Amino acid sequence: MMPRALASVLGSFLAVVLLGTSHAPAAEVRPNFDHVHALAFDADGRALWLGAHTGLFRSEDGGLTWTTVALPVTGHAPDVMAIAAHPHDGRALYVGTHEAGVLKTADGGATWSAANAGLKGLDVHGLAIDPNAPDKLHAAVRELGAGLYRTTDGGRKWLRVDDGPAGETKVLASVNIATGMGGIFLYAGTGEGLTRNPDCF
């Protein structure tokens with residue numbers, strides 16, 4: 001005979017998979033993930049973050065249930081295009097949005113602040129955090145002020161470093177591969193393919 005605890009777990013799992021229901025409110029089980037743009041785990045491996053056209057969402061059970069994370073954008077849910085999780089601090093996270101630039105939290109999403117000083121535009125389609133130096137990030141900006149920007153102080157000040165990759169940036173990542181020039185490589189997945197450049201411009 002199947003142990004009662006195991007039967008309960010399997011029953012809950014099948015309810016989620018087959019019926020889309022669980023003990024959690026329906027809004028937490030099947031939120032509107034219209035146009036998913038980004039996924040990231042926090043440094044502790046506890047929280048899974050998802051960025052979509054309809055906002056930012058968080059799961060603490062591997063994606064079985066989700067909660068909507070409020071961001072300081074008025075009038076509508078922000079279009080979250082990119083997520084960069086701090087590699088060592090599970091409470092620190094950056095998100096890039098389609099209309100509000102870069103937002104930063106240091107307390108696991110309880111509070112957020114804008115980190116846009118120096119950006120010439122607020123349509124951020126890519127964010128990459130350096131795994132060796134977490135205060136260094138790159139941001140790919142589209143439309144107004146288009147280009148690739150870099151911060152070395154955790155988003156307090158951004159500087160434009162070049163025009164960025166050709167084509168629409170879909171994802172940006174700092175990869176811990178030494179360039180031999182004092183930095184690591186920055187990869188960009190775009191509508192035209194995959195490119196890489198040393199991040200020590």
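Remember, it's a predicted structure, so these values are computed and weren't measured experimentally. What's counted below: heavy atoms across the whole structure, side chains too, no hydrogens, waters or symmetry copies.
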The complete set of ring pair (Phe, Tyr, Trp, His ring centres under 6.0 Å) pairs with one or both residues in residues 147-186, sequence neighbours excluded, reads none

With side chains defined as the heavy atoms from C-beta onward, is the minimum distance between Val175 and Ile184 less than 4.5 Å?
no

Partner of Arg58 under side-chain contact (heavy atoms from CB on, under 4.5 Å), picked from Thr65, Thr67, Thr68, is Thr67

### Query
If you group Ile, Leu, Val, Met, Phe, Trp and Tyr by side-chain heavy-atom gaps below 4.5 Å, do Leu137 and Val124 land in one group?
yes

**OP:** Give a yes or no answer on whether the side chain of Arg160 reaches the backbone of Ala146 with a donor-acceptor pair at less than 3.5 Å.
**Re:** yes

Looking only at heavy atoms, the pair that brings Val73 and Pro78 closest together is CG2-CB, 3.8 Å

Are Phe41 and Tyr94 connected in a single hydrophobic cluster, I mean Ile/Leu/Val/Met/Phe/Trp/Tyr linked by side-chain heavy atoms less than 4.5 Å apart? no

#### Entry: Path from Phe33 to Met81 over hydrophobic side-chain contacts below 4.5 Å
no

Residue set satisfying side-chain contact (heavy atoms from CB on, under 4.5 Å) with Pro87, at least two apart, ordered chain then number -> Ile129, Pro134

Original post:
In terms of hydrophobic clusters joined by side-chain contacts under 4.5 Å, are Leu119 and Leu127 together?
Top reply: yes

- Query: Does the pair Val69 and Trp112 meet the rule for a side-chain contact (heavy atoms from CB on, under 4.5 Å), with working shown?
  - Reply: CA-CA 10 Å; Val69 179; Trp112 295 83; 3.8 Å; yes

Hits for side-chain contact (heavy atoms from CB on, under 4.5 Å) against Thr54, two or more places apart or cross-chain, chain-then-number order -> Asn32, Asp34, Ala52, Phe57

Strictly by modelled atom types, are Asp79 and His37 linked by a side-chain donor-acceptor pair under 3.5 Å? yes

Rounded to the nearest 0.5 angstrom, the CG-CG distance for Asp42 and Leu93 is 8.5 Å

Leu103 and Pro72 have their tightest heavy-atom pair at CD1-CD, 4.0 Å

Notebook entry, point to check: Is a side-chain N or O of Thr169 found less than 3.5 angstrom from the main chain of Ala140, in a donor-acceptor match?
Noted result: no

Discussion item. Whether the side chain of Asp123 engages the backbone of Glu99 through a donor-acceptor N/O pair (distance < 3.5 Å, no angle test) should be reported.
Written reply: no

Give the intermediate values and the outcome of side-chain contact (heavy atoms from CB on, under 4.5 Å) for residues Asp107 and Arg91. CA-CA 5 Å; Asp107 55 15; Arg91 295 172 61 79; 3.2 Å; yes

Scanning both residues in full, the closest heavy-atom pair of Ser174 with His138 reads OG-ND1, 4.4 Å

Taking every heavy atom of Ala128 against every heavy atom of Leu186, the minimum-distance pair comes out as CB-CD1, 3.7 Å

I want to know whether His98 and His125 have ring centres closer than 6.0 Å. yes

Item to complete: Using a strict 4.0 Å threshold on nitrogen-to-oxygen distance, state whether Asp44 and Arg46 make a salt bridge.
Response: yes

Original post:
Hey, does Val36 have a side-chain heavy atom less than 4.5 Å from the side chain of Leu50?
Top reply: yes

**Study point:** Same apolar cluster: Val171 and Ile83, side chain cutoff 4.5 Å
**Key:** no

*asked:* Would you say that Asp135 contacts Asp153 through its side chain, given a criterion of any heavy-atom pair below 4.5 Å between the two side chains?
replied: no

What one should report as the nearest heavy-atom pair of Thr179 and Pro198 is CG2-CB, 3.7 Å

Taken to the nearest 0.5 Å, the spacing of Thr152 OG1 from Lys136 NZ works out to 8.5 Å

Closest non-hydrogen atoms of Thr190 and Pro165, given as atom of the first, atom of the second and distance, are CG2-CB, 3.9 Å

**Report entry** Trp49 side chain near Val80 side chain, heavy-atom distance below 4.5 Å
**Finding:** no

**Q.** 4.5 Å side-chain heavy-atom contact, Leu148 and Asp163
**A.** no

Within the structure provided, determine whether Leu48 and Leu39 are in side-chain contact (heavy-atom separation under 4.5 Å).
yes

